[in-house]
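Keep in mind it's a predicted model, so treat the numbers as computed, not measured. In what follows, chains are A, B, ... by sequence order, proteins preceding strands, each numbered from 1.
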There are 2 protein chains.
Amino acid sequence: MTQLLDVRKMNILRAIVDDYILTAAPVGSRTLSKRDDIELSPATIRNEMSDLTELGFLEQPHTSAGRIPSEKAYRLYVSNIMDRAKLTDDEAEYIKAHLQRRVSEVGDVIKETARMLSGITKYTSIVQMPHLKNARLKHISLIPVTTGSALAVVVTNSGATNSTMLNVPSGITSDHLEKITSLMNERLAGYKLVDVQKTLLPMLREEVGEQADSVAAMLGSLSDDIDRQDYEVVGAANMLDYPEYSDVSKARSFLTELERGEIFKEVLSDGSGVELTVRIGTENDNPELKDCSVITICYRVGGEQVGSMAVIGPTRMDYEKVVAVLKCMSESLSSVLSGMLLSSPDGGRNE
Amino acid sequence: MTQLLDVRKMNILRAIVDDYILTAAPVGSRTLSKRDDIELSPATIRNEMSDLTELGFLEQPHTSAGRIPSEKAYRLYVSNIMDRAKLTDDEAEYIKAHLQRRVSEVGDVIKETARMLSGITKYTSIVQMPHLKNARLKHISLIPVTTGSALAVVVTNSGATNSTMLNVPSGITSDHLEKITSLMNERLAGYKLVDVQKTLLPMLREEVGEQADSVAAMLGSLSDDIDRQDYEVVGAANMLDYPEYSDVSKARSFLTELERGEIFKEVLSDGSGVELTVRIGTENDNPELKDCSVITICYRVGGEQVGSMAVIGPTRMDYEKVVAVLKCMSESLSSVLSGMLLSSPDGGRNE
DNA sequence: TGTTAGCACTCACTCTCTCCGAGTGCTAAT
DNA sequence: ATTAGCACTCGGAGAGAGTGAGTGCTAACA
């Protein structure tokens, strides 16, 4: 990387990206030469810019305009600021404090996270609700609601719960229902929900004697519910503030795509394992995001990754700030959630 | 009303509103005279238009432009189309069919309702989740989750459930917790949740012997949860298709206001009792909605009103269509929900 | 007396043209 | 290797002119 571009080119490129992030306008050689950190004449800078254009780091909207950074330039830029990105202690404190005020419901904490994320960055934020796949089943309760339905409450060792309405087939007696419940608790407790869903529930289906089919359907819908994923999206309207979206039809298609909801899967999915991902422009699978960058980070409860969050902004977003905020937010959210969910002695570590 | 404006004026006014709803452009006398339903010369129409302007039904953006309807005109227009508004049987069938495909979870039905509402009208839709205030408590279960917390599951006679995580004060034994639960069930079952919340829970607090304060806090948070209201908003991006919002800053402030969430309270609140409400332009309390019209209708479960839904569009929205769709949707949703929630013999009527 | 034709006037829009300036690339001097 | 100088490019802002949809008034008409 360093051998690819000499120091002077690097400086110029960084300066261009910095400037373009700020102004959204093509950057010219004169503008750059006025900067304190570049002590070169416009002509020299022009030569360097010409080189950078040839190397694919800069683009020219039209002949008589300045240069704008290419995706390649952002890539390089991002890899350089990555370690530099850090919030001041004050800002970090602020985030932590605000998040901790809202500690009654998990959903509220997630909402507040999304709100702060978009509030601070001025971009669009998406925060995933924590999923339970890796949590271990503690027990399942079935609460009869009407004669035709019952509420299944799944309690995990991480303290999180999830409840689904199940259709109870009319032929099933409450005795039978109790038997099924205790069978489930006996056989499934202690296993990860993802395993319960994928292998154990199907196995169990076969064991159920009478009414096997309808019980299977019931267990199936319980299984489906574990997959259910929800997201909080905040700050979509922020995008309208950027000249990139001053064209209403662009804004429209972005918002529509956001509402469609498919974005979330693409954006948040493969974050598993990786701490932080930056996807710039066309690196995003979704063509609707080709002028956007998406930065994703995951958060944890008790060391186990349970969800992720992302910030979506124009490709010329303030990467440094967004990375810094996301890092801090991920830490804060992880600790707040861990505090909420693992408060009891028996709700401890997963591994 | 009829004596206020003679038939010819009424016809002209209606034609202007119709045309303006379609085109969003000021309507001129020549355009009107070309219509089949108005057989007058432009000059005559001009005279009538002049009168209508004086009477406050029409406005003129500038001297050499046509006329646009005033809020007063929309009011009159709406009161006239109100009974006319009706969907074809096909459309009604379509709505009902689509809604019934999604009958697993109440939340999904509400989402689908919102989606269809904005899909058909091309405006923004808000649908309130059904509230439980008027449902009667059947029983409460407390499921221990960790030593510090329990999940309270509230089951009502309408079959709907609601669950909240409660902090269980550390001093309370599981014996004590059981006692509290059975005390609650004994004393509160059969009452409306709104009464449970407002008068019965506070009374109960005083009766709890030991640990009164912390139990009270627990009951308090249970009570808070009954008030919790959620909404589904769909189609905000639709507004960008209308020339009214081709100004990005207007679109931006509308979307921001929508995200802030206060709108919902204002929009959906006082629908109680009234079947259908039309609020035009400045009739809305929220100044952000002064260029919008909001049509609200409530929906019921088993005859009892449990929520409402609204469509927000520009003041020149297609009132007839929106009213018709809302009426149909309210009926369909009411019947689907009633079917879902009241399916059991003992989950019947509330009154 | 209500309706219509005719006419002068208004005014937002669109189109064209020009001008301006920021920016480039090349060449020659340092 | 760097820089000053210069000719050239091209988008965008601004000024005018022309267009046309629309009005209001007046006078003629049925």
Under 3.5 Å, sequence neighbours excluded: what are the donor-acceptor pairs made by side chains of residues 318-326 of chain B?
from: B/Asp318; atom 1: OD1; to: B/Lys321; atom 2: N; distance (Å): 3.2
from: B/Tyr319; atom 1: OH; to: B/Ser293; atom 2: OG; distance (Å): 2.7
from: B/Tyr319; atom 1: OH; to: B/Thr315; atom 2: O; distance (Å): 2.4
from: B/Glu320; atom 1: OE1; to: B/Arg84; atom 2: NH1; distance (Å): 3.3
from: B/Lys321; atom 1: NZ; to: B/Ile120; atom 2: O; distance (Å): 3.3

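Residues B/Arg14 and B/Asn11 have side chains that bring a donor and an acceptor to within less than 3.5 angstrom of each other.
Listed in residue order, the members of residues 14-44 of chain B having a heavy atom less than 4.0 Å from DNA chain D are B/Gly28, B/Ser29, B/Thr31. Across residues 60-70 of chain A, A/Gln60, A/Thr63, A/Ser64, A/Ala65, A/Gly66, A/Arg67 each have a non-hydrogen atom less than 4.0 Å from an atom of DNA chain C (numbered order).
Of all nucleotides in DNA chain C, those with any atom nearer than 4.0 Å to a heavy atom of chain A start and finish, going 5' to 3', at C/dA22 to C/dG25.
With sequence neighbours left out, A/Glu232 forms a side chain to side chain donor-acceptor pair (under 3.5 Å) with no residue at all. By the side-chain contact (heavy atoms from CB on, under 4.5 Å) test, A/Thr113 is found to be paired with A/Leu99, A/Val109, A/Val127, A/Met309, A/Met329, A/Leu333, residues two or more places apart in sequence or in another chain being considered.
Scanning both residues, A/Ala73 and A/Phe57, for their nearest heavy atoms gives CB-O, 3.2 Å.
A donor-acceptor pair under 3.5 Å is formed between the side chain of B/Asn284 and the backbone N or O of B/Cys292. Looking only at distances, a side-chain donor or acceptor of B/Thr256 sits under 3.5 Å from a matching main-chain atom of B/Arg252.
In this structure, the CG atom of A/Asn47 is 13 Å from the P atom of D/dA4, given to the nearest Å.
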#### Entry: Derivation of the side chain to side chain contact (heavy atoms under 4.5 Å, CB included) call for A/Leu289 and A/Phe254
CA-CA 8 Å; A/Leu289 294 179; A/Phe254 175 79; 4.0 Å; yes

### Task
Give the C-alpha distance, both sets of side-chain angles, the deciding distance and a yes or no for side chain to side chain contact (heavy atoms under 4.5 Å, CB included) between B/Leu255 and A/Leu240.
CA-CA 10 Å; B/Leu255 291 174; A/Leu240 296 180; 3.6 Å; yes

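Environment of CG in B/Asp83: crowded, with over 12 heavy atoms of neighbouring residues, nucleotides or ligands closer than 6.0 Å.
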